[in-house]
Number of protein chains: 2
Amino acid sequence: MSKDAKHTGLAVEVSMEQMSAFFKVLSDKTRLSILMELLDASLCVMHISERVGMSQSAISHQLAILRRADLVRVKRNGKTLVYSISDEHVRLMLDMAMLHINEEGKQ
Amino acid sequence: MSKDAKHTGLAVEVSMEQMSAFFKVLSDKTRLSILMELLDASLCVMHISERVGMSQSAISHQLAILRRADLVRVKRNGKTLVYSISDEHVRLMLDMAMLHINEEGKQ
DNA sequence: TCCTCATATGAATGATTGTTCATATGAATA
DNA sequence: TATTCATATGAACAATCATTCATATGAGGA
């Protein structure tokens with residue numbers, strides 16, 4: 001079962017399954033914190049771990065999920081793996097969410 | 001702990017808690033199906049239930065969650081309660097997600 | 001080549017959440 | 001006002017998922 005974006009005229013075919021999976025990735029505080037840090041700068045796992053304030057293991061598990069969802073990319077730099085945001089949709093997505101939350105309850 | 005959208009220059013202050021809660025609402029297949037139906041037209045609970053193919057109770061539970069998140073609005077019409085999308089962010093959000101999913105794996 | 005250090009991964013557990021079933025609520029209309 | 005019908009709600013259960021702990025992996029530098 002799938003639905004296209006008839007409203008915007010976009011010729012996009014996407015399943016409900018894929019969409020919920022995508023939003024599920026964005027629905028975790030730890031993963032959001034990671035993304036927020038990566039919006040500012042590319043970082044290695046250790047640094048993300050420090051900034052977000054969670055264990056290396058926890059961060060690594062979550063980065064794997066972000067990778068699978070194509071929200072972050074990895075690049076090796078010497079001994080460390082440097083993670084970065086993979087595309088602009090993420091940024092827009094987060095801003096859109098912030099806008100919505102900010103307007104909740106108004107009017 | 002909160003973060004503002006320094007990247008877009010938006011003066012929005014939102015907590016990680018609020019953001020994850022928002023995306024969590026969008027991360028369920030049933031709720032997404034409901035929203036998709038409501039993008040086409042305002043509907044009463046019974047009709048949503050029929051179209052989505054789930055029990056009245058299940059739909060009602062999910063509508064309550066969508067209401068609390070300010071994603072849908074209710075209006076009484078005689079004996080029935082008519083639900084509709086509450087604002088344009090939802091539409092944009094869904095389109096953005098579809099775009100991202102559609103571009104996954106490319107390049 | 002061997003060791004080391006950064007990162008990944010597997011299993012286990014506690015917490016969260018969606019659905020069902022049963023029932024309550026309450027506005028509309030007869 | 002009494003009844004009915006649409007919708008909401010509570011409790012219970014199964015399933016999903018994030019974190020921890022322990023350990024594996026494997027590229028880099030000596």
Side-chain angles (χ1 to χ4, degrees), chain A residues 1 15-38 41-84 86, chain B residues 1 15-38 41-84 86:
Chain A
M1 200 162 314
S15 73
M16 231 48 77
E17 208 92 35
Q18 285 178 296
M19 286 201 102
S20 81
F22 174 70
F23 284 120
K24 203 160 285 172
V25 174
L26 291 173
S27 75
D28 178 72
K29 259 193 293 179
T30 302
R31 287 193 291 268
L32 281 173
S33 299
I34 294 173
L35 290 175
M36 289 305 207
E37 292 299 338
L38 293 180
S42 296
L43 294 168
C44 69
V45 179
M46 239 179 44
H47 287 154
I48 297 173
S49 173
E50 284 166 7
R51 297 204 190 188
V52 172
M54 302 206 62
S55 73
Q56 178 270 318
S57 181
I59 294 296
S60 193
H61 274 294
Q62 298 315 319
L63 280 171
I65 293 170
L66 289 169
R67 240 186 297 128
R68 270 177 240 130
D70 241 321
L71 291 171
V72 299
R73 294 210 197 291
V74 211
K75 201 179 63 175
R76 179 168 285 277
N77 186 357
K79 280 195 151 185
T80 66
L81 293 178
V82 179
Y83 279 84
S84 54
S86 74
Chain B
M1 200 159 315
S15 73
M16 229 49 73
E17 208 92 35
Q18 285 178 296
M19 286 202 104
S20 81
F22 173 70
F23 284 119
K24 204 159 283 172
V25 173
L26 291 173
S27 75
D28 178 73
K29 261 193 292 179
T30 303
R31 286 192 292 269
L32 281 173
S33 299
I34 294 173
L35 289 175
M36 289 306 209
E37 292 298 339
L38 293 180
S42 297
L43 294 168
C44 69
V45 179
M46 241 178 42
H47 287 153
I48 297 173
S49 173
E50 283 166 6
R51 297 206 188 189
V52 173
M54 303 206 60
S55 73
Q56 178 270 318
S57 181
I59 295 296
S60 192
H61 275 294
Q62 299 314 320
L63 281 171
I65 293 171
L66 289 170
R67 241 186 296 128
R68 271 177 239 130
D70 241 323
L71 290 172
V72 300
R73 295 210 196 291
V74 211
K75 202 179 64 177
R76 179 168 284 278
N77 186 358
K79 280 195 151 185
T80 66
L81 293 178
V82 180
Y83 279 83
S84 54
S86 73

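Chain naming here is simple, since letters A, B, ... match the order of the sequence lines and numbering starts at 1 in each. Heavy atoms only: backbone and side chains are in, while hydrogens, waters and symmetry mates are out.
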Worksheet entry | Test item: A/Glu37 and A/Val52 side chains (from C-beta on) under 4.5 Å apart, heavy atoms | yes
Worksheet item: So what does A/Thr80 touch, heavy atoms closer than 4.0 Å: a base, only the sugar-phosphate, or nothing?
Response: sugar-phosphate
Practice prompt. Indicate whether OP1 or OP2 belonging to D/dA8 is found under 4.0 Å from a side-chain N or O atom of B/Arg67.
Written response: yes
Fill in: Whichever of A/Ala58 and A/Gly78 has its nearest DNA chain D nucleotide further upstream toward 5'
A/Ala58
Practice prompt. Check the distance between C/dT7's P and A/Lys79's NZ and give it to me in whole angstrom.
Written response: 10 Å
Worksheet item: Between the side-chain atoms of A/Gln62 and the base atoms of D/dA18, is any donor-acceptor pair under 3.5 Å?
Response: no
Worksheet item: Taking CG from B/Leu26 and C1' from C/dT17, how many angstroms apart are they, rounded to a whole number?
Response: 16 Å
Discussion item. Does C/dG26 have its OP1 or OP2 closer than 4.0 Å to a side-chain nitrogen or oxygen of B/Arg76?
Written reply: no
Practice prompt. Dump the intermediate steps for side-chain contact (heavy atoms from CB on, under 4.5 Å) on B/Ile48 and B/Leu38, then the final yes or no.
Written response: CA-CA 8 Å; B/Ile48 297 173; B/Leu38 293 180; 4.1 Å; yes
Worksheet item: Is there a side-chain contact between A/Ile34 and A/Tyr83 (heavy atoms, below 4.5 Å)?
Response: no
Worksheet entry | Between C/dA27 (P) and B/Lys75 (NZ): distance, integer Å | 18 Å
Fill in: Whole-Å gap separating C1' (D/dG26) and CG (A/Leu81)
11 Å
Worksheet item: Are any of the side-chain nitrogens in A/Arg73 or A/Asp70 under 4.0 Å away from the carboxylate oxygens of its partner?
Response: yes
Item to complete: Kindly point out which of D/dT7, C/dA8, C/dC21 is positioned nearest to the side chain of A/Val45?
Response: C/dA8
Worksheet item: Atom NZ of A/Lys24 to atom C1' of C/dG18: distance rounded to whole Å?
Response: 10 Å
Worksheet entry | Aromatic stack B/His61/D/dT9: centroid gap under 5.5 Å, interplanar angle under 30° | yes
Discussion item. Can you measure A/Asp28 atom CG to C/dT17 atom P for me and round it to whole angstrom units?
Written reply: 11 Å
Worksheet item: Between the base of C/dT19 and the side chain of B/Thr30, is there any donor-acceptor pair under 3.5 Å?
Response: no
Worksheet item: Is any N or O donor-acceptor pair between the side chain of A/Gln56 and the base of C/dA8 shorter than 3.5 Å?
Response: yes
Discussion item. Under 4.0 Å, heavy atoms only, any strand: does B/Ser60 hit a base, just the sugar-phosphate, or nothing?
Written reply: base
Fill in: d(CZ, B/Phe23; C1', C/dT16) in whole Å
19 Å
Item to complete: Look at the side chain of A/Ser55 and the base of D/dC21, then say whether one donor and one acceptor between them are separated by less than 3.5 Å.
Response: no
Item to complete: List the steps, then state whether side-chain contact (heavy atoms from CB on, under 4.5 Å) holds for A/Arg67 with A/Val74.
Response: CA-CA 8 Å; A/Arg67 240 186 297 128; A/Val74 211; 3.4 Å; yes
Practice prompt. Answer yes or no: does a side-chain N or O of B/Tyr83 lie under 4.0 Å from OP1 or OP2 of D/dA8?
Written response: yes
Discussion item. Without decimals, in angstroms, what is the distance between A/Met54 CE and C/dA8 P?
Written reply: 16 Å
